[in-house]
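Labels below follow one simple rule: chain letters A, B, ... track the order of the sequence lines, proteins then strands, and each chain is numbered from 1. In this text, all values refer to a predicted model and were calculated from it rather than measured experimentally.
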Amino acid sequence: MTQELIQQYVAGTLGEAEAEAFEESCLRDPELARQVELEQRLKLGFEQVARNSEEFVRSGNTGFWQLAVAASILVLVTAGVWMLQRVPQTSEHALAAVVPQLQLGGTSMRLALERGAENMPELPRGEVRVAIAGLLETGALYSVSLDRLHPLKPVQTISTLEGQKPSSPVTLEVMIDSDLLESGTYYLRVHRQASDEEALDFGFIKN
Amino acid sequence: MDFIPGGELSRRIREGDVSAESELIRQFEPGLRMLLRRRTGGDHGLLQDLVQETLLVVIQRLRGEGIDEPQKLAAFAAQTARNLAIASLRKAERQKTDVDSEATERNADPTRSVEGLVEDVEAAMAVRALLRELPQARDRLMLKRFYLEDHDKEVICQEMQLTEAAFNQALSRARRRFRQILDERGFSKRDLLSPEP
C-alpha cells in the first residue's frame with residue numbers, strides 16, 4: 001500500500017489533499033521520504049535517458065548483444081532450411097511500405113506517443129494504413145520494424161522496412177495486414193537511419 | 001534514531017536546546033527535499049536553497065513566537081515549504097514577464113544550471129546502467145511504460161500479460177538495483193541514501 005502511494009505521489013496522480021497529507025507523513029518519517037526521493041530520481045533518470053540517449057528500451061551491453069546476434073545467426077543458418085520447409089511464411093509479410101497510388105482509402109489507424117494514455121490502440125481487421133505521428137525529418141530515411149511482445153520470451157522482430165520516407169514532417173505511413181498477425185501486443189519501432197537518435201516505439205494490440 | 005514528536009521538539013527549541021534544532025533538521029530534511037523536488041522542476045540548486053530556507057524559517061519561528069499547534073509541527077513545516085516554493089515560482093514568473101528573455105539567459109546563474117545538470121546526469125547514468133543489466137527486453141519495456149509513459153500497473157500487466165506479482169517483483173528488483181548503482185558510483189547523497197548517522 002505504501003509503495004502504491006509513493007508511485008501515485010511521484011506520478012502526480014494523488015489528489016491535492018491526499019498529496020499534502022502524504023507529504024506530512026513523509027516529514028514525520030525520514031525513511032519513507034528517502035524511498036520517495038529514490039523513486040523521483042528513478043523517474044528523472046528514465047526521462048533523461050529517453051531525452052538524450054540512443055540506447056534505451058532495446059539497448060544492452062554491446063558485447064552481450066554482439067554475441068547474441070552471432071549466436072542467433074548461427075542458429076538461424078543451421079535451422080533455416082528446416083524452418084523454411086516446415087513453417088508457412090505468414091506474418092513477416094504483414095508489414096509493407098505504402099504505395100500511394102494503390103492504397104488510397106481503406107482502413108486507417110493513427111499511432112502517436114501519448115503520455116499517460118491508458119490503453120493501446122487496437123489494430124482494425126484487414127489491410128490497415130498506419131500513420132505514425134511524430135517529429136520527423138522529411139529528407140531522412142527511416143527504418144520501421146514490427147515487433148511482437150511475448151509474455152515470456154524476448155521481443156520478436158517480425159519484419160523490418162528500411163528506407164522509409166515520411167509523407168510529411170509529422171507523419172510516416174506504413175501498411176499492416178492485420179489478418180496476417182496473431183492476436184497479441186505489437187510495437188512499431190521507428191528509427192532514423194544512420195543516426196544516433198533514440199528509436200521510437202508505438203504500441204498497439206491485435207485482437 | 002527515534003522519532004521525536006513535534007510538540008516536544010517545539011518545546012525544546014523554544015527553551016534554547018540546540019540539539020533539538022539538529023534533531024529537527026535530521027527528521028525533516030528528507031521529507032522537505034522530496035516535497036520541494038516535486039515543486040522545483042528539476043532545479044537542484046533551487047531545491048537546496050528552499051530546503052535550507054524552510055528549515056531556517058521553521059527554527060526561527062520556534063525560537064521566537066512558536067506555532068499555534070506544536071503537535072502539528074510537520075504540517076507547519078510542510079506548508080512553509082509549499083509557500084516558499086510558490087513564492088519562488090511567482091518570482092521566477094515575474095522575472096520572465098518583466099525581463100527580456102535573451103538578457104535573462106545571458107545572466108542565468110551558471111552554478112545552479114551545473115548543479116541541476118549533475119543531478120540529471122547521475123540519474124541518467126544509473127538508469128542506463130540498470131537498463132544494460134536487464135537481460136529481458138520485456139523488463140525494459142515494462143519499466144519504460146511505467147516510468148516514462150506513466151501507464152497504470154494494471155494496464156501494463158494486462159497488455160504485457162504479466163501477473164501483478166511478477167510486475168511488482170521486477171519493479172522492486174529494479175528499484176533495489178538502481179539504489180545500489182547510485183551507491184556504487186558515489187551518486188547517493190548523504191541525505192538520500194546513506195544510513196542514518
Side-chain angles (χ1 to χ4, degrees), chain A residues 3-4 7 9-13 19-20 23-53 55-61 64 113-120 149-155 184-185 187 201 203 205, chain B residues 3 6 26-35 37-38 42 74-75 77-79 81-82 119-128 130-138 140-141 143-153 155 159-162 168 172 174-175 178-179 182 191-193 196:
Chain A
Q3 196 57 51
E4 294 279 325
Q7 286 161 12
Y9 177 77
V10 173
T13 54
E20 290 191 358
E23 284 168 346
E24 284 153 28
S25 304
C26 288
L27 255 77
R28 287 188 292 269
D29 184 347
E31 185 46 42
L32 175 61
R34 287 189 185 93
Q35 283 180 43
V36 178
E37 202 180 1
L38 183 79
E39 194 77 1
Q40 288 172 324
R41 292 187 78 185
L42 188 51
K43 188 167 170 60
L44 169 75
F46 270 90
E47 287 166 357
Q48 288 300 319
V49 170
R51 211 170 288 150
N52 302 321
S53 172
E55 48 168 318
F56 186 47
V57 169
R58 213 130 22 122
S59 70
N61 179 288
F64 169 80
L113 290 178
E114 289 176 30
R115 195 176 171 80
E118 294 225 332
N119 298 306
M120 280 188 171
L149 205 62
H150 291 275
L152 298 170
K153 289 191 280 182
V155 172
T185 303
Y187 274 85
D201 292 309
I205 288 173
Chain B
F3 174 78
R26 186 194 71 80
Q27 276 188 197
F28 286 179
E29 192 183 4
L32 291 174
R33 286 178 59 81
M34 66 119 282
L35 182 156
R37 183 179 281 277
R38 194 177 190 225
Q79 195 52 48
R82 288 182 204 116
E119 172 106 342
D120 290 356
V121 168
E122 285 176 357
M125 284 175 76
V127 165
R128 275 184 206 221
L130 174 70
L131 289 170
R132 270 197 293 272
E133 289 178 12
L134 291 174
Q136 290 282 341
R138 189 197 58 203
R140 292 193 288 274
L141 277 173
L143 290 174
K144 179 196 167 197
R145 297 206 65 204
F146 186 71
Y147 282 111
L148 195 59
E149 297 170 1
D150 293 331
H151 286 238
D152 283 343
K153 183 164 72 174
V155 175
E159 286 175 359
M160 298 182 73
Q161 297 169 42
L162 284 166
N168 287 338
S172 162
R175 280 195 198 103
F178 180 70
R179 191 178 182 128
L182 287 177
D191 49 3
L192 172 62
L193 299 172
E196 295 291 320

Response to the item:
To the nearest 0.5 Å, atom CG of B/L141 lies from atom OH of A/Y187 at 5.5 Å

Item to complete: Taking the side chain as every heavy atom from C-beta outward, state whether B/R145 and A/M120 have any atom pair closer than 4.5 Å.
Response: yes

Worksheet item: Salt-bridged, A/D201 to B/R140, with N to O below 4.0 Å?
Response: no

Discussion item. Quick check: do B/M34 and A/R34 have side-chain heavy atoms less than 4.5 Å from each other?
Written reply: no

Item to complete: Check each atom of B/L130 against the heavy atoms of chain A and say whether the ones under 4.5 Å are side chain, backbone, both or neither.
Response: side chain

Worksheet item: Could B/R38 and A/Y9 be counted as a cation-pi pair, given that NZ or CZ must be under 6.0 Å from the ring centre and within 45° of the axis?
Response: yes

Practice prompt. Find the one option among A/L42, A/L32, A/T185, A/D29 whose heavy-atom pairs under 4.5 Å with chain B are most numerous.
Written response: A/L42

Worksheet item: To the nearest 0.5 Å, what is the distance between CZ (B/R175) and CD (A/Q7)?
Response: 4.5 Å

Discussion item. Can you tell me which portion of A/I205 sits under 4.5 Å from chain B's heavy atoms? Options are side chain, backbone, both or neither.
Written reply: side chain

Worksheet item: Is there a donor in the side chain of B/Y147 and an acceptor in the side chain of A/E47, or the other way round, less than 3.5 Å apart?
Response: no

Discussion item. side-chain contact (heavy atoms from CB on, under 4.5 Å) for B/R33 and A/V36? Distances and angles first, verdict last.
Written reply: CA-CA 10 Å; B/R33 286 178 59 81; A/V36 178; over 6 Å; no

Worksheet entry | Spatial distance of atom CG (B/N168) from atom CD (A/Q3) [nearest 0.5 Å] | 8.5 Å

Response to the item:
One should read off an interatomic distance between B/R37 CZ and A/E39 CD, to the nearest 0.5 angstrom, of 12.0 Å

Discussion item. Any heavy-atom pair between the side chains of B/Q27 and A/R28 that's under 4.5 Å?
Written reply: no

Response to the item:
Minimal heavy-atom distance between B/A78 and A/L27, with the atoms involved, is N-CD2, 3.8 Å

Worksheet entry | Distance, nearest 0.5 Å, that separates CG of A/L38 from CG of B/L182 | 6.5 Å

Worksheet entry | Between CD on residue A/E37 and CG on residue B/L35, distance to nearest 0.5 Å | 11.0 Å

